Amino acid sequence: VQLQASGGGLVQAGGSLRLSCAASGRTFSTYAVGWFRQPPGKERELVAAIGVSDRTTYYADFVKGRFTITRDNAKNTVYLQMNILTPEDTATYYCAASKRIVLVTTRPDYWGQGTQVTVSS
């Protein structure tokens, strides 16, 4: 599986962005997908994840109520809608995939390249 993250950019605090993770391969619908981020000078952290069924989702506490992860298997794409952004959300965002959500949240098998999100105050 090859993953391509996009949608990052510069936004003011309080604004919104939608990140996309486009995947190659006909079996994308059988993969769980996670979004991670790495703020400047800090370690990479899990932001959100979605299982094979979009009924299964996980959110880090610091994004609950602000970010929403969804998937469109017909388009081989997972989205991360980010609302009420703060400067603390500034980071490089990565998507990753594994066959099971428990794996994608701990040790993903596939990674996409990052997309930069910068939130100005």
Side-chain angles (χ1 to χ4, degrees):
V1 175
Q2 291 185 319
L3 306 173
Q4 176 109 19
S6 63
L10 174 64
V11 64
Q12 288 189 330
S16 299
L17 281 175
R18 188 177 78 160
L19 305 184
S20 298
C21 177
S24 64
R26 293 175 295 176
T27 61
F28 174 68
S29 62
T30 65
Y31 284 83
V33 177
W35 282 99
F36 293 76
R37 72 184 187 184
Q38 187 165 16
K42 297 183 179 180
E43 293 188 353
R44 188 155 50 190
E45 57 190 1
L46 175 66
V47 174
I50 188 165
V52 171
S53 163
D54 57 9
R55 293 190 295 271
T56 304
T57 57
Y58 166 85
Y59 294 95
D61 286 343
F62 52 80
V63 302
K64 282 182 180 177
R66 300 189 299 126
F67 291 11
T68 304
I69 188 169
T70 57
R71 67 186 301 155
D72 185 340
N73 289 334
K75 295 183 178 180
N76 277 10
T77 302
V78 169
Y79 303 98
L80 184 68
Q81 178 66 44
M82 307 188 296
N83 298 326
I84 319 176
L85 287 161
T86 74
E88 288 69 36
D89 294 315
T90 294
T92 302
Y93 284 71
Y94 301 85
C95 59
S98 285
K99 279 291 188 176
R100 295 168 57 196
I101 193 170
V102 67
L103 294 177
V104 82
T105 58
T106 55
R107 45 185 181 90
D109 295 308
Y110 305 97
W111 288 92
Q113 90 295 351
T115 186
Q116 178 66 37
V117 172
T118 302
V119 184
S120 63
S121 58

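Note that the structure is a prediction, hence the values are computed from the model and not measured. All residue numbers refer to positions in the sequence shown, counting from 1.
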**Student:** About how many Å separate CD1 of Ile50 and OG1 of Thr56, when rounded to the nearest 0.5 Å?
**Tutor:**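 Between Thr56 OG1 and Ile50 CD1, I get 8.5 Å after rounding to 0.5 Å.
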**Student:** Could you identify which residues cluster with Ile101, counting Ile, Leu, Val, Met, Phe, Trp and Tyr as linked when any side-chain heavy atoms lie under 4.5 Å apart, either directly or through a chain of such contacts?
**Tutor:**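 Ile101 shares its hydrophobic cluster with Val104.
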**Student:** With under 30° as parallel and over 60° as perpendicular, where do the rings of Trp111 and Phe36 fit, or are they tilted in between?
**Tutor:**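 Tilted: the ring planes of Trp111 and Phe36 meet at 30° to 60°.
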**Student:** Do Tyr79 and Val1 share a hydrophobic cluster (ILVMFWY, side-chain heavy atoms under 4.5 Å, transitive)?
**Tutor:**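 Looking at the clustering, Val1 is in a separate group from Tyr79.
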**Student:** Decide whether a cation-pi geometry holds between Arg37 and Tyr94; the criteria are a distance under 6.0 Å from NZ or CZ to the six-membered ring centre and an angle within 45° of the ring axis.
**Tutor:**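 Arg37 over Tyr94 ring: no.
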**Student:** Could you work out, with side-chain contact (heavy atoms from CB on, under 4.5 Å) as the rule, every residue matching Leu10, not counting sequence neighbours?
**Tutor:**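 Partners of Leu10 by the side-chain contact (heavy atoms from CB on, under 4.5 Å) criterion, ordered by chain and then number, come out as Thr118, Ser120.
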**Student:** Quick check for you: to the nearest 0.5 Å, what is the distance between Arg18 atom CZ and Ser6 atom OG?
**Tutor:**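 So the CZ of Arg18 and the OG of Ser6 are separated by 9.0 Å.
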**Student:** Does some side-chain heavy atom of Leu17 sit less than 4.5 Å from a side-chain heavy atom of Leu85?
**Tutor:**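 Yes, at least one pair of side-chain atoms sits under 4.5 Å.
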**Student:** Going by side-chain heavy atoms closer than 4.5 Å, which hydrophobic residues are tied to Ile84, directly or by a chain of links?
**Tutor:**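 In the cluster with Ile84 there is nothing else; it is isolated.
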**Student:** Looking at Ala96 and Pro108, what are the two nearest heavy atoms and their distance?
**Tutor:**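 Here Ala96 and Pro108 meet closest at CB-CB, 3.5 Å.
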**Student:** Looking only at non-hydrogen atoms, find the nearest pair between Leu19 and Met82 and report the distance.
**Tutor:**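 Result for this residue pair: CG-CE, 3.8 Å.
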**Student:** Under 4.5 Å between any side-chain heavy atoms of Pro39 and Glu45, yes or no?
**Tutor:**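 Heavy-atom side-chain distance check passes, below 4.5 Å.
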**Student:** Quick check on side-chain hydrogen bond (donor to acceptor under 3.5 Å, both in side chains): which of Asn83, Thr86, Asp89 does Arg66 satisfy it with?
**Tutor:**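 In the set Asn83, Thr86, Asp89, the residue that makes a side-chain hydrogen bond (donor to acceptor under 3.5 Å, both in side chains) with Arg66 is Asp89.
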**Student:** Between Thr30 (side chain only) and Phe28 (backbone N and O only), is there a donor and an acceptor less than 3.5 Å apart?
**Tutor:**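 Not confirmed, Thr30 side chain does not pair with Phe28 backbone.
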**Student:** Would you give the length of the straight line joining atom NZ of Lys75 to atom OG of Ser20, rounded to the nearest 0.5 angstrom?
**Tutor:**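 Atom-to-atom, Lys75:NZ and Ser20:OG are 9.5 Å apart.
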**Student:** Say you draw a straight line from CG of Leu3 to OH of Tyr110; how long is it, rounded to the nearest 0.5 Å?
**Tutor:**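 Atom-to-atom, Leu3:CG and Tyr110:OH are 9.5 Å apart.
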**Student:** Considering non-hydrogen atoms only, spot the tightest contact between Thr115 and Gly8 and give its length.
**Tutor:**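 Closest heavy-atom pair between Thr115 and Gly8: OG1-N, 3.0 Å.
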**Student:** Please report the shortest heavy-atom distance between Tyr31 and Arg71, naming the atom on each side.
**Tutor:**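 In this case the closest contact between Tyr31 and Arg71 is O-NH1, 2.8 Å.
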**Student:** Got a second to check how far Leu46's CG is from Tyr58's OH, nearest 0.5 Å?
**Tutor:**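 OH of Tyr58 is found 5.5 Å from CG of Leu46.
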**Student:** Would you kindly say whether Ser98 and Asp109 are connected by a side-chain donor-acceptor distance under 3.5 Å?
**Tutor:**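 A donor-acceptor contact under 3.5 Å links the two side chains.
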**Student:** Just how far is it from atom CD of Gln116 to atom OG1 of Thr90, taken to the nearest 0.5 Å?
**Tutor:**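 One gets 7.5 Å once the value is rounded to the nearest 0.5 Å.
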**Student:** Are the side chain of Thr77 and the backbone of Asn73 linked by a donor-acceptor contact shorter than 3.5 Å?
**Tutor:**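 Flag not set: sc Thr77 to bb Asn73 has no pair under 3.5 Å.
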**Student:** Start with the C-alpha gap between Gln4 and Cys21, add the side-chain angles, then the distance that decides, and say whether side-chain contact (heavy atoms from CB on, under 4.5 Å) holds.
**Tutor:** CA-CA 5 Å; Gln4 176 109 19; Cys21 177; over 6 Å; no
**Student:** Could you work out, with side-chain contact (heavy atoms from CB on, under 4.5 Å) as the rule, every residue matching Ala48, not counting sequence neighbours?
**Tutor:**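 With neighbours one apart ignored, the set is Tyr59, Ile69, Leu80.
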**Student:** Determine whether the aromatic ring centres of Trp35 and Phe67 lie less than 6.0 Å apart.
**Tutor:**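 That pair fails the under 6.0 Å test.
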**Student:** Walk me through it: do Thr92 and Gln38 pass the test side chain to side chain donor-acceptor pair (under 3.5 Å)?
**Tutor:** CA-CA 5 Å; Thr92 302; Gln38 187 165 16; over 6 Å; no
**Student:** Please name all residues satisfying ring pair (Phe, Tyr, Trp, His ring centres under 6.0 Å) with Phe62, sequence neighbours left out, ordered by chain then number.
**Tutor:**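 Partners of Phe62 by the ring pair (Phe, Tyr, Trp, His ring centres under 6.0 Å) criterion come out as none, since no residue qualifies.
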**Student:** Name all residues meeting the ring pair (Phe, Tyr, Trp, His ring centres under 6.0 Å) criterion together with Tyr93; count only those two or more places apart in sequence or in a different chain, and write none if there are none.
**Tutor:**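 Expected list: none.
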**Student:** So, for Ser24 and Asn76, which heavy atoms are closest and what is the spacing to 0.1 Å?
**Tutor:**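 Nearest pair, atom of Ser24 first, then Asn76: C-ND2, 4.3 Å.
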